[in-house]
Amino acid sequence: MEAETDRTAPDEAAERYDPREIERRWQRIWEAESTWVVPNPGAPEFDESKPKNYVLEMLPYPSGEPHVGHLKCYSVGDAIAHFRRRRGYNVIHPMGYDAFGLPAENNAIGTGQHPREATEQSIASFKEQFMRWGISLDWTREISSHEPSYYRWTQWIFLKLHEHGLAYREEAPVQWCPVDATVLANEQVIDGHCERCGSLVEQRKLEQWFFRITDYADRLLEDFGLLESWPEHVVTMQRNWIGRSEGAEVVFHQDDLDLDFNVFTTRPDTLFGATFFVLAPEHPDVEGLAAGTEQEQAVRDYVNESARTSTEDRASEDRQKTGVPLGRSITNPVNGERIPMFVADYVLMEYGTGAIMAVPAHDERDFAFAKAFDLPIRQVVKPADGEVNPDEPYVAHTDDEVLVNSGEFDGLSSPEAIERITSWLRDKDLGEPAVNYRLRDWLVSRQRYWGAPIPFVHCEKCRLVPVPEDQLPVLLPDIEDYAPKGQSPLAAATDWVNTECPKCGGPAKRETDTMDTFVDSSWYFLRYLDPRNEDAPWGPDAADYWMPVDQYIGGVEHAILHLMYARFFCKALSDIGYLDVQEPFINLFAQGMITRDGAKMSKSRGNTVSPAEFVDRFGADTTRTYICFMGPPVKGGDWNDQGVEGVYHFLSRLWRVSREVDARTDGAAEPPESAELGGDARELYAKAHWAIDKVTRDIEPRFHFNTAIAAVMELVNDIYKRKDGLYGDPAGDAAVRFATATAAELIFPFAPHLGSDVFELLHGERVWERQWPEADPALLRRDTFPLVVQVNGKLRDRIDADSGASDEELLELARASEKVRAHVDGKQVVKEIVVPGKLVNLVVR
RNA sequence: GCCGGAGUGGCGGAAUUGGUGAUACGCGCGGCACUCAAAAUGCCGUGUCCUUCGGGACAUGUGGGUUCGACUCCCACCUCCGGCACCA
C-alpha cells in the first residue's frame, strides 16, 4: 500500500491545491519587493496623486502565540486594506506590540526570566505568525512599546501633560493586596479579590499620579458628533461611563461647628422632601462632627468597619443599608428645618461631594435607608392625577406631576420647579446649577516593574522635579528580584534610584512608579506615522497627512478604556499644539468574539483553537477566508472544523478550475466584448459582473464578508456548470477565462496568496497592482425577469416578463395566467398592485 | 434594576429601502458517476406535513395589530447574549 501511494504521489501533488508552496512563494515576493511599504509625504517614492487612508487594527499584547481573535481582527483589517488600496487609496497599514504589562512580570516572579526576554520571544512568535498569515503590513513602521526609542516619547508626552497641568500627583485610595504586599491595577482586581493570590483586596491611601481626563468629559461627549461610524453600543457605553448628570449644588449649614456642607442633587425640586442628611464614611468632617457627642464611639467603629469592607461588598446589590447617626443635625436651606445627620456607606466619597441630602419619598436608596432606620418620609411630588403607593418611592419626574408640601413652589411641575428652586437658591447664595460626572481622573501610576518609568525625581530641596526632555529616556534598569514588596520593584535598584536633582544638582531619588500600559497604547497610532524620528514623537507633516485613522478595528472589550484614553490623548495633544485632529478614530469596527462549542475559548475549558495548527493544515488563505465566512464579522461565531474544510474545498475548486481553464483556453487576457456573447457565454460573463457588484457592495460599506465570499462561491459554481459547453469557442473561452480571473480578483482581499496566484496564471499581472474591477451596469440589467404574480398576497405563478414592460402589460400577463385564473375566476378583482420589475398582486373578493 | 443586541432548516448563516417562490452560500446528510475498492473529485437531491405527483397546506421565539403584501413596521410577552449597576 505504502509503495503504491508513493508511486502516485508526485503526479497527484501536481493536481492538488498546495497552499504551503503558493503562500510561501507570494510571501517571499511581497517581502523582497517591499510591496506593502508606504512612504510618507516628502519621501522620493511618495505618490501624491492618491488620497490617503489609514487602516489600523488594535495592536496585540504579545503573550505566547496569537489566538483566533487576533487572526480575525487582522484578517478583517487586511481585507479592508487590500480593498482600499485597489480602490486607489494610499493605504498605511502598520503593526506593533503593546509590550509592557503584568503577565510578563508575573511570569518573571515565578521563573526569574526577565520580562523583556519573555516578551521579545512572544513578539518573535507573533511576527512569524503574521508573516505566515500573509497580512499586508508595512513592516518598516513596526514598533514596540517596551523599546526605549518608543517609551522615551511616552515619557515625553507625560512631561507635556504635566507642563500643561494635565498630569498631577495626589494622595488617593488604591487597591492593595495584603498577601502580595503590593498595589494592584484595577484590571488585576477580580470581584474584589487579587487576581494572583485570590486574597481580599483592601483600600490604602498612597500618593499616585493622575491624568486630568475629567477636564475633557464634556468634549469627550460632544465630539461623538465628529465620528462617522462607530457602533451605537460603544458610544452608549462610553456615555454611561462618563455619566454626566445635571442638577444643582446646594449648601446646607451646620450650626454647631459652623460648617457649610455642599451636596449635589439632580432633583432640586425635591429639596423640601429632605428629611435627613448623609455623609460618606470617608468624609473628612465625620470625625469632627461626632466628636463630643454620645455617638462618637459608634461613629468611629462604623468608619473603621467600612474601611475594612471591600468596595465590592459595599456595592453588592441586596445588602441591607447600614449607617449610624452622627448625633448632629443640619439645616435645610429652603425651609430652615433641622434634619438629623448620618454616616452611611451607601454614600460614596468619590462621587459628588461625599455628602447627600436624603429624600426618601423620591429616591430608592434613601427610601430603603429611611425604612431601615424608621425615618420620616415626606412626599413633595405627586402625579397630577392620582395617588402614590406609599410602599415604594415615587421617582418619575415629568410634566404630569406637581409639587406639594413645598411652600411657595407648590403646584409647579417637576421640570419647572427644578429651574425655579435652583434660581431661588442662587439668588440667596445657597446653591447653583451644577454638573457632575461618574468619570474620575485616570490613575496612571503602577507600583510595578515592567512599564515605562515615570520621568520625575524627588529632590529634598526642590521636591518633585520633571526629568528634562534632553535626558529622556529614563531607562528601565535591569533588576534581580521582581517580587512585590509594598513598593515598586524598581525601588530596589538603588544605583538607579539615587540620582541628582536636575534643578539644584543635589541628591535626589527617582520616581519608582511606572505607567499604566494604557498610556503606551494611547498614542501608538501616532508613532507609526514617523517611527524612526529621533527628534520628536512624530513629524507634523506625517501626522497632518495620515491622521485621523480612517478605519479602526478591534475587539469590543476595549470599547471604554482604551478607546476613551486614546480620544483624550488626541484632544490633549491637539490642545498642546502637536496635533491637528480632535478624534483619532473616525470609523470604528468592533468585531464579535469567536467561540467554540458555544463557549468562550479558554485554556481551562480546553476549547481553544490554535490558528497555527489550521494554517499548517489548510493554509493561511483557507483559515482567513473561513473566519470571514463564518458570519458577519461584527457578530461572534462558533468555530467549526468542518467549516474550515468547506472553505478549503472551495479554494481548491478555484485553484483546480484555474489550471484547467489555463490549459483549455488561450490567453484571452482582456474581457470579452459583451456584444459578441450569447447563450452560456453571456450568462457566465453576466454572472461575473453580478459577483463584482455584489462583492464590492458587501465589502464596503457593509462589511458583510460572508456574503461577499458566498458570491464568489456562486461564481465558481457557475464556472463549473458552464465551462465544458464553452471551451473551444473563442467567445466562450474568453468568458470562462474572464470569469475565473474575476473570481481570483474578488477573493484576493480574503485569500491574497491564491488570488494572486490564479490571477497571475490567467492574466499575467499582479492582481494588487490593478484597480478593483467595476461591474458593467448593462450586464447587471436583465432583458427579462421572473414576474411574481400573487392573488391576495399569495404567490400563484411566476412568468418571464420583459424588463421594459409597462404596468398594463404586466397586468395583462398576470391575468392571462392559467394558474392565476384558477384563483380569480368567479370573483371580483377589487385592486391591482403592480411593482415594476418585481410583481403583480391581484386582490379579489 | 437600567441600557444595548439577538431569536429563521439538523448546524453556521442569507433575504441591503415593506415587494422575484423565505431558507442564497457553506457544513452535515442521502443518492449517482469514476474506482476492484476506498479516498479524492464531479454531478443530483435535501424546511415540515399531505398528495390522485398536477399540486396543496403550514412554516422566520409566542400572541395580537398595521398593510394588497411583514423575517422586515407597531404593541405585549418569553428566551438568550453583552455592558453598567447604591453615581445622589
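All chains are named by letter (A, B, ...) in the order of the sequence lines, taking the proteins before the strands, and each is independently numbered beginning at 1.
- Within the 4.5 Å cutoff, the side chain of T353(A) has heavy atoms near those of the E249(A) side chain.
- The partner of G18(B) is absent, by the rule that a Watson-Crick or G-U pair needs both atom distances under 3.5 Å.
- Aromatic ring orientation, F618(A) versus F614(A): parallel (interplanar angle below 30°, classes split at 30° and 60°).
- G646(A) comes within contact range of the sugar-phosphate backbone alone, with a heavy-atom separation under 4.0 Å but no base atom that close.
- For E714(A), the listed nucleotide lying nearest its side chain is A24(B); candidates were A24(B), A88(B), A14(B).
- We find that E808(A) and R815(A) are joined by a salt bridge, their nearest charged nitrogen and carboxylate oxygen being less than 4.0 Å apart.
- The CZ atom of F264(A) lies 8.5 Å from the CD atom of E246(A); values are rounded to the nearest 0.5 Å.
- Across all strands, S652(A) comes closer than 4.0 Å to no nucleic acid atom at all (heavy-atom distances).
- Nearest to the side-chain atoms of R656(A) among the listed nucleotides C86(B), U20(B), U41(B) stands U41(B).
- Only the P atoms considered, C77(B) is 27 Å distant from A88(B), to the nearest whole Å.
- One interatomic measurement links the two molecules: CD of E645(A) to P of C25(B), which rounds to 21 Å at whole-angstrom precision.
- Going from atom CE of M593(A) over to atom C1' of C80(B) covers 14 Å, rounded to whole Å.
- Which of U16(B), C25(B), C86(B) sits closest to the side chain of R697(A) comes down to U16(B).
- Nucleic acid contact class of Q790(A) (heavy atoms, under 4.0 Å, all strands): base.
- Using Watson-Crick or G-U wobble geometry with both donor-acceptor distances under 3.5 Å, A59(B) finds no partner in any strand shown.
- Nearest nucleotide to the side chain of T236(A), out of G42(B), C3(B), C25(B): C3(B).
- Comparing G42(B), A14(B), A88(B) by their nearest atom to the side chain of V347(A) picks out A88(B).
- Each of M237(A) and I356(A) has a nearest nucleotide on RNA chain B; the 5'-most of these lies closest to M237(A).
- Nearest nucleotide to the side chain of H649(A), out of U41(B), C84(B), G13(B): U41(B).
- At the phosphate of A85(B), OP1 or OP2 sits under 4.0 Å from a side-chain N or O atom of R438(A).
- Between K721(A) atom NZ and G42(B) atom P the separation is 16 Å, expressed in whole Å.
- Contact annotation for R244(A): no contact, since no heavy-atom pair falls under 4.0 Å across all strands.
- F261(A) has its ring centre less than 6.0 Å from the ring centre of H283(A).
- Base orientation at G54(B) is syn, since its O4'-C1' glycosidic dihedral falls within 90° of 0.
- Here, U23(B) and A15(B) have their C1' atoms 9 Å apart, quoted to the whole Å.
- The side chain of R796(A) places no N or O atom within less than 4.0 Å of a non-bridging phosphate oxygen (OP1 or OP2) of G55(B).
- Across the P atoms, C74(B) and G18(B) are found 11 Å apart, a figure rounded to whole Å.
- Shown here, G9(B) is classed syn by the O4'-C1'-N9-C4 or O4'-C1'-N1-C2 angle, which is within 90° of 0.
- Nucleotide G26(B) forms a pair with C11(B), judged by Watson-Crick or G-U wobble geometry with both contacts under 3.5 Å.
- Aromatic rings of Y648(A) and Y17(A) (six-membered ring for Trp) have centroids within the 6.0 Å cut-off, being under it.
- C25(B) and A14(B) have their P atoms separated by 14 Å, given to the nearest Å.
- Nucleic acid contact class of Y720(A) (heavy atoms, under 4.0 Å, all strands): sugar-phosphate only.
- Separation of the F589(A) and F703(A) ring centroids falls under the 6.0 Å cut-off.
- The pairing partner recorded for C2(B) is G83(B), the criterion being a Watson-Crick or G-U wobble arrangement whose two distances lie under 3.5 angstrom.
- Using the Watson-Crick or G-U wobble rule with both distances under 3.5 Å, C32(B) pairs with G42(B).
- For K831(A), the side-chain atoms get nearest to C68(B) when compared with the rest of G19(B), C68(B), A14(B).
- Phosphate contact (OP1/OP2 of G12(B), side-chain N/O of N706(A), threshold under 4.0 Å): absent.
- For K321(A), taking side-chain heavy atoms from C-beta onward, the closest of the listed nucleotides C86(B), G19(B), A15(B) is C86(B).
- Spacing between atom CG of D638(A) and atom P of C81(B) amounts to 14 Å, rounded to whole angstrom units.
- Here the nucleotide nearest the side chain of F629(A), chosen from C68(B), U16(B), G26(B), is G26(B).
- When rounded to the nearest whole Å, the span between CG of D698(A) and C1' of C25(B) equals 12 Å.
- The nearest whole Å value for the distance from the CD atom in E557(A) to the P atom in C81(B) is 19 Å.
- With a cut-off of 3.5 Å on both Watson-Crick or G-U wobble distances, the partner of U52(B) is given as none.
- Residue-to-nucleotide contacts include a donor-acceptor pair under 3.5 Å from the side chain of K694(A) to the base of U16(B).
- Phosphate proximity of G26(B) to N717(A): present, with a side-chain N or O under 4.0 Å from OP1 or OP2.
- In the set A88(B), G42(B), G4(B), the nucleotide with an atom closest to the side chain of H233(A) is G4(B).
- Nucleotides C81(B) and G13(B) place their P atoms 16 Å apart, quoted to the nearest Å.
- Ring-centre distance between F369(A) and Y346(A): below the 6.0 Å cut-off.
- Within the 4.0 angstrom heavy-atom criterion, base atoms lie near N841(A).
- A distance of about 35 Å separates the P atoms of C50(B) and G42(B), rounded to the whole Å.
- Judged by closest nucleotide on RNA chain B, Q642(A) is the one of R653(A) and Q642(A) placed further toward the 5' end.
- With both ends at atom P, the span from A70(B) to G64(B) equals 15 Å, rounded to whole Å.
- Note: OH (Y351(A)) to P (C84(B)) measures 18 Å, nearest angstrom.
- Aromatic ring centres of W241(A) and Y437(A) lie farther apart than the 6.0 Å criterion allows.
- With both ends at atom C1', the span from U72(B) to U60(B) equals 10 Å, rounded to whole Å.
- Regarding M713(A), its CE atom lies at a distance of 12 Å from the C1' atom of G12(B), rounded to whole Å.
- One finds no side-chain N or O of T707(A) lying less than 4.0 angstrom from the OP1 or OP2 phosphate oxygen of C25(B).
- Across all strands shown, G69(B) remains unpaired; no Watson-Crick or G-U wobble contact has both distances below 3.5 Å.
- A donor-acceptor contact under 3.5 angstrom links the side chains of Y351(A) and S245(A), judged on distance only.
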